[in-house]
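Every value quoted in this text rests on a predicted model; they were computed, and no experiment measured them. Both backbone and side-chain heavy atoms feed into the values below; hydrogens, waters and symmetry mates do not. Reminder, nothing fancy here: chain letters follow the sequence lines and each chain counts from 1.
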Protein chains: 2
Amino acid sequence: MFSKACEYGIRAAIYIGQQSASGRRVGLKDIAAEIDSPEAFTAKILQQLVREQLVTSVKGPTGGFELTPEQLRTVTLRQLVVAIDGGAMLQGCALGLPQCSAKQPCPMHYQFLPIRDQLNELLRAHTIGELASKVQEGLGFLKQFS
Amino acid sequence: MFSKACEYGIRAAIYIGQQSASGRRVGLKDIAAEIDSPEAFTAKILQQLVREQLVTSVKGPTGGFELTPEQLRTVTLRQLVVAIDGGAMLQGCALGLPQCSAKQPCPMHYQFLPIRDQLNELLRAHTIGELASKVQEGLGFLKQFS
DNA sequence: TACATACCGGACAAATTTGTCCTTTAATTT
DNA sequence: AAATTAAAGGACAAATTTGTCCGGTATGTA
Ligand code: FES
Ligand code: FES
């Protein structure tokens with residue numbers, strides 16, 4: 001569905017959000033450990049999110065990553081996905097035609113559209129803050145214990 | 001959404017189906033031209049589908065690819081996707097957790113499940129023959145003209 | 001039987017994604 | 001100011017996906 005980079009990016013953002021909601025800034029090492037992702041790779045993805053201003057970073061001692069209250073409230077899953085994976089999956093043709101359009105639709109077009117639209121809606125409807133709460137309340141997990 | 005291989009594979013299968021429904025067997029070159037895909041790569045994917053008995057091939061002069069009436073009637077999109085891409089996208093966690101399960105669900109799990117289920121249902125519900133008819137009737141396209 | 005055709009299969013190559021390492025830059029603490 | 005901390009950034013490496021090439025194999029035709 002999403003790329004590895006995107007999966008790590010979303011999980012990282014949610015974890016940062018969860019901690020930010022409790023007033024804690026978190027470092028890369030902590031993040032990677034808590035979401036079970038490769039540290040250096042996660043760093044790359046976070047850099048990208050910081051450049052897009054979806055996540056905030058602070059250098060130096062006591063530094064780390066955080067989400068501002070505004071970011072918690074307004075940044076959606078969709079913005080993360082677009083920033084990392086681009087819009088292809090959210091707009092592209094299911095069968096890989098260069099354009100998804102009713103002009104020359106692929107044979108799955110009309111069946112596929114509603115599902116893709118729901119996915120778009122789903123991503124648009126959920127903010128990082130909201131998902132972070134869910135984790136905070138123990139209703140969602142960012143890694144699995146065996 | 002799907003891999004390139006999967007996109008080519010589905011388009012190829014539908015084209016083969018369309019021609020088979022009209023009693024025509026088609027060669028690789030023809031297929032690649034009609035679905036606008038790299039010839040050699042398409043060959044690889046078709047080999048795979050033939051091994052899985054989702055498509056039939058005949059060697060030698062007048063040979064080529066075809067779908068038996070039974071294949072036209074029974075092979076679903078889902079079988080193609082599973083054969084080429086595996087079941088990950090149809091069962092895996094949206095956020096990349098190793099297991100998608102209600103035991104330790106990711107924070108998107110309950111929102112994501114119905115969409116994934118619909119996608120599964122969609123793929124299961126459409127046979128190659130059905131999609132081929134749509135193309136035959138001019139209601140769907142396997143490549144785009146500009 | 002010889003030959004031509006078209007898929008099969010393996011090896012190889014290019015491109016992209018995933019992942020690592022190390023130096024630089026910025027900020028805090030002593 | 002110096003030392004320490006932690007993210008930023010660039011170069012590089014591994015793995016996977018995408019794509020090509022070519023000799024082998026089966027089949028139909030002359
Ligand atoms: S044209 Fe294929 S999904 Fe719209
Ligand atoms: S656990 Fe993430 S989708 Fe089910």
Could you list the protein-to-nucleotides 16-18 of chain C atom pairs, N/O on both sides, closer than 3.5 Å?
from: C:dT18; atom 1: OP1; to: A:K4; atom 2: N; distance (Å): 3.0

For nucleotides 22-30 of chain D, which of its nitrogen or oxygen atoms have a protein nitrogen or oxygen under 3.5 Å away, and what is each distance?
from: D:dA26; atom 1: O4'; to: B:K59; atom 2: NZ; distance (Å): 3.4

Just the atom pairs and distances: protein N or O near nucleotides 9-12 of chain D's N or O, under 3.5 Å.
from: D:dG9; atom 1: OP2; to: A:R51; atom 2: NH1; distance (Å): 3.1
from: D:dG9; atom 1: N7; to: A:K44; atom 2: NZ; distance (Å): 3.4
from: D:dG9; atom 1: N7; to: A:Q47; atom 2: NE2; distance (Å): 2.9
from: D:dG10; atom 1: N7; to: A:K44; atom 2: NZ; distance (Å): 2.9
from: D:dG10; atom 1: O6; to: A:K44; atom 2: NZ; distance (Å): 2.6

Which donor-acceptor pairs under 3.5 Å do side chains of residues 26-34 of chain A form with protein atoms, sequence neighbours excluded?
from: A:D30; atom 1: OD1; to: A:Y15; atom 2: OH; distance (Å): 3.2
from: A:D30; atom 1: OD2; to: A:Y15; atom 2: OH; distance (Å): 3.2

Going by atom type alone, with no hydrogens or angles, which donor-acceptor pairs under 3.5 Å involve a side-chain atom of residues 133-141 of chain A and a protein atom two or more places apart or on another chain?
from: A:S133; atom 1: OG; to: A:G129; atom 2: O; distance (Å): 2.9
from: A:Q136; atom 1: OE1; to: A:Q18; atom 2: NE2; distance (Å): 3.1

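Under the side chain to side chain donor-acceptor pair (under 3.5 Å) criterion, the residue pairs touching residues 85-114 of chain B are B:S3-B:D85, with sequence neighbours excluded.
Checked against side-chain hydrogen bond (donor to acceptor under 3.5 Å, both in side chains), B:Q118 has the following partners two or more places apart in sequence or in another chain: A:Q118. With sequence neighbours excluded, the residues satisfying salt bridge (charged side-chain N to carboxylate O under 4.0 Å, His left out) with A:K4 are A:E7. Judged as a side-chain hydrogen bond (donor to acceptor under 3.5 Å, both in side chains), and not counting sequence neighbours, the contacts of B:N120 are B:R78. Every residue two or more places apart in sequence or in another chain that forms a side-chain hydrogen bond (donor to acceptor under 3.5 Å, both in side chains) with A:S37 is listed here: A:T42. Taking A:S57 as the reference, nothing meets the side-chain hydrogen bond (donor to acceptor under 3.5 Å, both in side chains) condition, with sequence neighbours excluded.
Distance from the side chain of B:S57 is smallest for C:dC7 among the nucleotides C:dC7, D:dA7, C:dT20.
A heavy atom lying under 4.0 Å from DNA chain D marks the following residues of residues 65-81 of chain A, by number: A:F65.
In this structure, CD of B:E39 is placed 10 Å from P of D:dC21, rounded to the nearest angstrom.
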